[in-house]
Amino acid sequence: MRLSKLSIVAIAPMTDLSSSPIGALSTAELDIGGMTCASCVRRVEKALAGVPGVVDVSVNLATERANVTRVNADEPAAIDALVKAVANAGYEARPVVQAQAVSGAAAAEAEAARRQQVRQELAGVAVAAAFAVPLMLPMLAAAAGMRLMVPAWLQLMLASVVQFACGARFYAGAYHAVRARAGNMDLLVALGTSAAYGLSVWQMFAHPGDVMHLYFEASAVVIALVRLGKWLEMRAKRETTAAIRALNALRPDRARVRENDGRERDVPLEQVRVGMVVVVRPGERLPVDGVIRDGRTHVDEALITGESLPVTKGPGERVTAGSINGEGLIAVTTAATGAETTLARIIRLVETAQAKKAPIQRLVDRVSAVFVPVILLIAFASLAGWLLAGASVETAILNAVSVLVIACPCALGLATPAAIMAGTGVAARHGVLIKDAEALELAQRVSVIAFDKTGTLTLGKPRVVAFESADPLDDSIGADRLTALGLAAALERGSEHPLAHALVAAFEAERSGRPWPAVSEVQAVPGRGLRGRTDSQTLLLGNGRWQTELGIEPPAALLERAQALESAGNTVSWLMRAATPSAPGAVLALIGFGDTVKPDARAAIERLAARGVRSVLLTGDNRGAAASVAAALGIDEFHAQVLPEDKARVVQELKRTSGGIVAMAGDGINDAPALAAADIGIALASGTDVAMHAAGITLMRSEPSLVADAIDISRLTYRKIQQNLFWAFVYNLIGIPLAALGLLNPMLAGAAMAFSSVSVVTNALLLKRWKR
């Protein structure tokens, strides 16, 4: 296949490898033209690996791209060396841009070029079929009990057009393969069809007038079938990249910018800078990542997060490029554009996952390295064997041709990448971003998952679960509970602490128009709490340690209630009156803060257990909180009061004791050490660079059920890889002996070869039907 018209140079730095002792590493992507089978992949990889400075090469037959990792090679000359090496191996190469920098219009242009290639291939199939069908008429007539002969000269003309016009691509590929002292599908097809064609020409001139022993139809039909198979394969491969095309289509090309004087103007998206205000009308896609400055609306983020329902958004809330604005007019302060948007990072992750090879692919690479030479030997042995057995030259040659034709290694080359592309694509549509093929393969073997608690299994938003005042309240602050709640909330009103937000929200929900109490001189006491003054006294709001240090004893009923709250996994704070020369300090109220388990958390744990995956809870909270959440979710093992740096140690211990693959699921920021320590890290809903780099899987929604989805998709994808490899090997293990034994004619062999490639891609596409 020829290269598409869209090809733009880009070199992307690999920040996670830049600390390598061998020097700064960078990656380059190349479009590769002319590859037809697994042997071609092997040859391109070998050519690129021979370029100085190259430390790793991965070539994908399904995407027709090469991913090259190099040392200290940012200059254009390094790209030229890669392109030249591929050209010397007999293929075409051209640098391509990372998808995150391509606009929607450019993506549409590339898609149009790919469609044109498919149409051109179909035209070639149509021409080959039109000239091959008349050659088959005698065979079809004989099957119907009729006798029909096509003149030898007409057969020669028809077959020559198919052989040298429609089959020219196979000769070109075979020439490059021979020049590089290697073999590929083109070589097998060229040798096989040339043998059948040459035999027919020899018979035609050696036995004039005898059309019974001409085999022009064999060579012509084989070429037509192989090209038909390539066309079906190209169409099927386009479906495996549907996820990338859908994501690319989300990017608008222009944005409406609001100037400082209030005027609005449309500008190309590349002119938008961080800090600019972008206006988005109802029904439009957001062109940038940012924070809503004005307006309220609902935003449809389905293709980005997998969330099926629109999400309510208002001032101060973040929105993502590519999502659809609902009914409201909003103004968004730009936080990221172009390559830095969440959508761009998603596309980059999906493309990287589809480009990389799974470890199981190494088996295919080893086989493809010797496949074509072995097939040539088998074909020669079949030819010699039939001749020695006394068969005619025609029979021996046709049987050898059948061996060459059926042995095309296309299916082997497509088996793994087609499944990976389909699997990562369906995962992305459901909000699961898989970093690479190795992560996908590891995920299907996970036996233990360690979950962070706060923000992963719980909402991570504390709320006031108990507020109980001392009885009776001090007359100086009033006689009702709401007054005490207001004083506590007023102390916390200027704090950004999550507990402060919970306390303020609790008072706002109950005050019903009551004014905020006047509290002044509020100051933080590190490690203890807050101090502030009212008109008549000093108030303290803090933890149990501070209350003990001050020697303020709470009433027995409140102390008992505090112990019960802590045992249930809640955090307890105390509102106190500071001691004065005339009066001792006193507890005014107890405040209990609790987190809420996510609605789908228990179902997620149960789904994992049903799949044989054991869940472990890791948290920095007290043992009571850990035990409470573990009991609510049905988790048997938990580790409490674990610092972030200690979580990595616990994960290492789980790896040692479990004997299997251990995953870590966390928010991707505080849990980064543990994510990196696990065999595979799963980051929930952070969308940050930390999550992308530390985790093998990133979940675009903060839902534990997506962890089970990721395991399900990876296991199903791996099964498809195994099925594809099984069928690819079985086709050859069964077909080659049958062909060598004379039980398959060249036309049947060609049909079987074409069907093998299409079948493995079609099987991979069944992954697109996956539903939770």
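Residue indices begin at 1 and follow the sequence shown. All values below come from the heavy atoms of this structure, side chains included, with hydrogens, waters and symmetry mates left out.
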[X] side chain to [Y] backbone, donor-acceptor under 3.5 Å:
X: Ser714; Y: Gln444; answer: yes
X: Lys598; Y: Ser705; answer: no
X: Glu29; Y: Asn67; answer: no
X: Asp300; Y: Ile324; answer: no
X: Thr424; Y: Met421; answer: yes
X: Arg715; Y: Arg611; answer: yes
X: Arg285; Y: Ala321; answer: no
X: Thr341; Y: Ala344; answer: yes

Where is the tightest heavy-atom contact between [X] and [Y], given as atom of each residue plus distance?
X: Cys40; Y: Tyr91; value: SG-OH, 3.1 Å
X: Ala49; Y: Val54; value: CA-CG1, 4.1 Å
X: Leu30; Y: Ala93; value: CD1-CB, 4.5 Å
X: Asp186; Y: Gly173; value: OD2-CA, 3.4 Å
X: Ala710; Y: Val432; value: CB-CG1, 3.8 Å
X: Ala422; Y: Ala764; value: CB-O, 3.3 Å

Does the pair Val629 and Leu633 meet the rule for a side-chain contact (heavy atoms from CB on, under 4.5 Å), with working shown?
CA-CA 6 Å; Val629 172; Leu633 298 177; 3.8 Å; yes
Walk me through whether Lys647 and Asp452 qualify under salt bridge (Lys or Arg N to Asp or Glu O under 4.0 Å).
CA-CA 9 Å; Lys647 288 183 180 179; Asp452 172 53; 2.7 Å; yes
Apply side-chain contact (heavy atoms from CB on, under 4.5 Å) to residues Arg65 and Asp31 and explain how you reach the verdict.
CA-CA 5 Å; Arg65 284 194 176 180; Asp31 261 334; 3.4 Å; yes
Please round to the nearest 0.5 Å and tell me the distance separating atom [atom1] of [X] and atom [atom2] of [Y].
X: Ile661; Y: Asp679; atom1: CD1; atom2: CG; value: 4.0 Å
X: Leu286; Y: Glu301; atom1: CG; atom2: CD; value: 9.0 Å
X: Asn724; Y: Ser759; atom1: CG; atom2: OG; value: 7.5 Å
X: Leu675; Y: Ile682; atom1: CG; atom2: CD1; value: 9.0 Å
X: Thr717; Y: Leu767; atom1: OG1; atom2: CG; value: 4.5 Å
X: Lys720; Y: Leu716; atom1: NZ; atom2: CG; value: 6.0 Å

Side-chain contact test, heavy atoms from C-beta onward, threshold under 4.5 Å: evaluate it for [X] versus [Y] and give yes or no.
X: His639; Y: Leu617; value: no
X: Gln723; Y: Val760; value: no
X: Ile32; Y: Arg94; value: no
X: Arg701; Y: Leu706; value: yes
X: Ile635; Y: Val616; value: no
X: Ile605; Y: Phe451; value: yes
X: Ile680; Y: Ile697; value: yes
X: Glu637; Y: Leu654; value: yes

Might you confirm whether atom CH2 of Trp770 has over 12 heavy atoms from other residues, nucleotides or ligands at distances under 6.0 Å?
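Atom CH2 in Trp770 is packed in, count exceeds 12.
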What do you reckon, is NZ of Lys655 surrounded by more than 12 foreign heavy atoms closer than 6.0 Å?
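Yes.
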After noting the C-alpha distance and the side-chain angles of Val68 and Asp56, does the key distance pass the side-chain contact (heavy atoms from CB on, under 4.5 Å) rule?
CA-CA 6 Å; Val68 185; Asp56 185 58; over 6 Å; no
Take Arg445 and Tyr718 through the test side-chain hydrogen bond (donor to acceptor under 3.5 Å, both in side chains) and record every step on the way to the result.
CA-CA 10 Å; Arg445 295 165 48 203; Tyr718 196 74; over 6 Å; no
Lys/Arg N to Asp/Glu carboxylate O, Arg649 vs Glu653, below 4.0 Å:
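Looking at Glu653 together with Arg649, the answer is no, because their closest N to O distance does not fall below 4.0 Å.
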Would Gln116 and Arg119 count as having a side-chain donor-acceptor pair, cut-off 3.5 Å?
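Yes.
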What residue pairs, at least two apart or across chains, pass salt bridge (charged side-chain N to carboxylate O under 4.0 Å, His left out) with a residue in residues 756-766?
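Sorted result for residues 756-766: empty, none.
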Using the test salt bridge (Lys or Arg N to Asp or Glu O under 4.0 Å), find all partners of Asp709 that sit at least two apart in sequence or belong to another chain.
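Applying salt bridge (Lys or Arg N to Asp or Glu O under 4.0 Å) to Asp709 gives Arg607, Arg772.
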Of all residues at least two apart in sequence or in a different chain, which pass the side chain to side chain contact (heavy atoms under 4.5 Å, CB included) check with Ser658?
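Residues passing side chain to side chain contact (heavy atoms under 4.5 Å, CB included) with Ser658: Val448, Arg614, Val662.
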As a quick check of understanding, evaluate side-chain contact (heavy atoms from CB on, under 4.5 Å) for Leu457 and Thr619, giving each step before the final call.
CA-CA 11 Å; Leu457 295 176; Thr619 178; over 6 Å; no
